[in-house]
Amino acid sequence: MERGSRKHILDWTSQAEFPMEFMELIGLSDCALSRPAIWQPKGYRSPEEICLEDCGDLFIPGTDCWGKLADWWLVHRGGANKPNWDLVVACDIAGKPGLALVEAKAHERELDWGGKRVRCDASPKSSENHERIGKAIADASHALNKVVPGVNLSRDTHYQLANRLAYSWKIASMGIPVILVYLGFTGDEGIGNVGKPIKDHAHWEIVMREYMADVVPEKFIDRSLDCGKSHMRMIVRSRPVLEQSKR
């Protein structure tokens with residue numbers, strides 16, 4: 001039984017109105033849905049989350065950046081965990097094929113403040129991957145800090161946020177514009193036993209401001225950031241749940 005943000009993503013993407021409502025949620029004049037419309041998951045009939053290194057061609061075909069993305073993140077791909085996205089939507093952004101990458105939450109404890117851990121008995125391959133990921137995030141942090149001073153991404157704290165920002169920067173640096181959406185689903189009282197539900201948009205903004213305080217400055221949000229070959233933008237949005245989670 002799905003609960004929390006996972007349930008709400010599947011509930012929403014099951015609806016015929018999803019594409020129109022998603023564009024209304026984004027609310028940016030230079031962002032439109034791709035034609036044909038492509039997104040994943042597609043509700044309960046196709047609930048799989050997307051790993052862009054493996055499935056990026058479904059959204060933007062004809063580019064070599066997905067293999068480059070994998071090599072940038074990992075030394076050894078086999079058996080390694082790669083970031084999956086709660087929701088990926090193909091968009092036209094400022095006239096170019098781009099991506100909206102969504103990280104969704106429904107209660108405060110879904111935001112992970114911790115760093116990436118490596119086992120003391122990790123294999124040499126795992127250790128090499130751990131170091132590569134640290135370098136990738138550091139590269140992204142250095143580049144973004146030049147655009148907006150005060151960016152401080154790290155593998156060792158706020159890893160969930162750091163890898164989302166690092167991926168968005170890397171994809172944009174290869175020529176694909178990105179909108180990174182932190183989406184708060186509001187009003188799910190059914191998950192109060194696992195974490196404080198996101199009450200409304202004002203609550204979500206406060207939670208995100210506290211969460212991001214040591215990672216990016218406030219002026220980082222909702223700005224088009226030059227990443228070299230293209231741009232990225234991080235936005236914070238919210239929407240009410242369609243149905244409560246079952247306790």
Side-chain angles (χ1 to χ4, degrees), residues 19-35 37-39 50 52 56 59-60 62-66 68-69 72-73 83 85-105 111 136-154 158 160-184 201-202 204-239:
M20 178 186 67
E21 291 181 355
F22 185 77
M23 285 296 101
E24 290 175 350
L25 179 91
I26 295 295
L28 297 173
S29 61
D30 63 349
C31 180
L33 202 65
S34 68
R35 295 188 179 183
I38 304 170
W39 69 90
I50 282 294
L52 288 170
F59 299 88
I60 302 178
T63 174
D64 63 354
C65 77
W66 309 121
K68 291 179 179 178
L69 180 67
W72 168 75
W73 193 250
W85 293 91
D86 293 333
L87 174 63
V88 179
V89 182
C91 297
D92 290 328
I93 303 172
K96 294 182 63 176
L99 296 173
L101 305 176
V102 179
E103 182 73 10
K105 310 296 177 188
L111 289 165
I137 291 175
D139 289 347
S141 184
H142 180 72
L144 288 170
N145 190 64
K146 288 184 175 180
V147 182
V148 183
V151 173
N152 183 30
L153 310 184
S154 172
H158 293 73
Q160 187 185 80
L161 175 61
N163 76 50
R164 271 27 185 174
L165 289 167
Y167 259 66
S168 299
W169 166 79
K170 182 62 176 178
I171 293 166
S173 77
M174 294 188 291
I176 296 173
V178 172
I179 297 171
L180 174 62
V181 187
Y182 262 76
L183 173 59
H201 186 73
W204 179 228
E205 285 191 321
I206 291 169
V207 169
M208 283 299 298
R209 191 178 302 119
E210 292 175 351
Y211 178 59
M212 297 184 298
D214 296 325
V215 181
V216 296
E218 284 192 42
K219 61 184 178 181
F220 186 92
I221 305 302
D222 210 11
R223 289 178 55 181
S224 181
L225 306 176
D226 186 353
C227 299
K229 292 183 179 180
S230 193
H231 292 74
M232 68 163 283
R233 182 191 297 259
M234 179 182 179
I235 62 176
V236 176
R237 298 289 190 265
S238 67
R239 63 172 278 119

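Please read all numbers here as calculations on a predicted model, not as lab measurements.
At least one side-chain heavy atom of L69 sits under 4.5 Å from a side-chain heavy atom of K170. No side-chain heavy atom of M174 sits under 4.5 Å from any side-chain heavy atom of C227. Counting heavy atoms from C-beta on, the side chains of S168 and M234 never come closer than 4.5 Å. In this structure the side chain of R233 never reaches within 4.5 angstrom of the side chain of R223, judged on heavy atoms. In this structure, V178 and H231 have side chains that are not in contact, with every pair of non-hydrogen atoms separated by 4.5 Å or more. The shortest side-chain heavy-atom distance between Y182 and L111 falls under the 4.5 Å cut-off. Side-chain atoms of R239 and E21, non-hydrogen and from C-beta on, do get closer than 4.5 Å to each other. I221 is listed as a side-chain neighbour of M212, based on a closest heavy-atom distance under 4.5 Å.
Atom CG of L25 sits about 7.5 Å away from atom OG of S238, to the nearest 0.5 Å. Separation of atoms CE (M232) and CD1 (I179) is listed at 10.5 Å; rounding is to 0.5 Å. How far CG of L52 is from CZ of F59: 7.0 Å, rounded to the nearest 0.5 Å. Note: I235 CD1 to C31 SG = 8.0 Å, rounded to the nearest 0.5 Å. For the atom pair E103 CD and L180 CG, the distance stands at 8.0 Å (nearest 0.5 Å). If you take OG on S173 and NZ on K229, they are separated by 8.0 Å, rounding to the nearest 0.5 Å.
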Between L101 and V181, does a side chain to side chain contact (heavy atoms under 4.5 Å, CB included) hold up when you go through it step by step? CA-CA 6 Å; L101 305 176; V181 187; over 6 Å; no

Check the pair Y167, W73 against ring pair (Phe, Tyr, Trp, His ring centres under 6.0 Å), reporting the backbone distance first and the verdict last. CA-CA 9 Å; Y167 259 66; W73 193 250; 4.9 Å; yes

Residues I176, W66; criterion side chain to side chain contact (heavy atoms under 4.5 Å, CB included); working and verdict: CA-CA 11 Å; I176 296 173; W66 309 121; 3.8 Å; yes

Evaluation steps, side chain to side chain contact (heavy atoms under 4.5 Å, CB included), between I38 and V89: CA-CA 6 Å; I38 304 170; V89 182; over 6 Å; no

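Minimum heavy-atom separation, P97 to P177: O-CD, 3.2 Å. Scanning both residues, D226 and G228, for their nearest heavy atoms gives OD1-N, 2.9 Å. Contact record, I137 with A162: CG2-CB, 4.1 Å, taken as the closest heavy-atom pair.
With S34 contributing its side chain and A90 its backbone, the two residues share a donor-acceptor pair below 3.5 Å.
Using a cut-off of 4.0 Å between Lys/Arg side-chain N and Asp/Glu carboxylate O, K96 and D92 are scored as not salt-bridged.
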Exercise answer: donor-acceptor pairs, residues 140-152 side-chain atoms, under 3.5 Å, sequence neighbours excluded:
| from | atom 1 | to | atom 2 | distance (Å) |
| --- | --- | --- | --- | --- |
| S141 | OG | L153 | N | 3.0 |
| N145 | OD1 | G150 | N | 2.7 |
| N145 | OD1 | V151 | N | 3.1 |

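Heavy atoms of other residues, nucleotides or ligands lying less than 6.0 angstrom from CG of D214 number 12 at most.
A cation-pi arrangement is absent between R237 and W204 under the rule of less than 6.0 angstrom and at most 45 degrees off the ring axis.
Using bins of under 30°, 30° to 60° and over 60° for the plane-to-plane angle, the ring pair H158/Y211 lands in the tilted bin.
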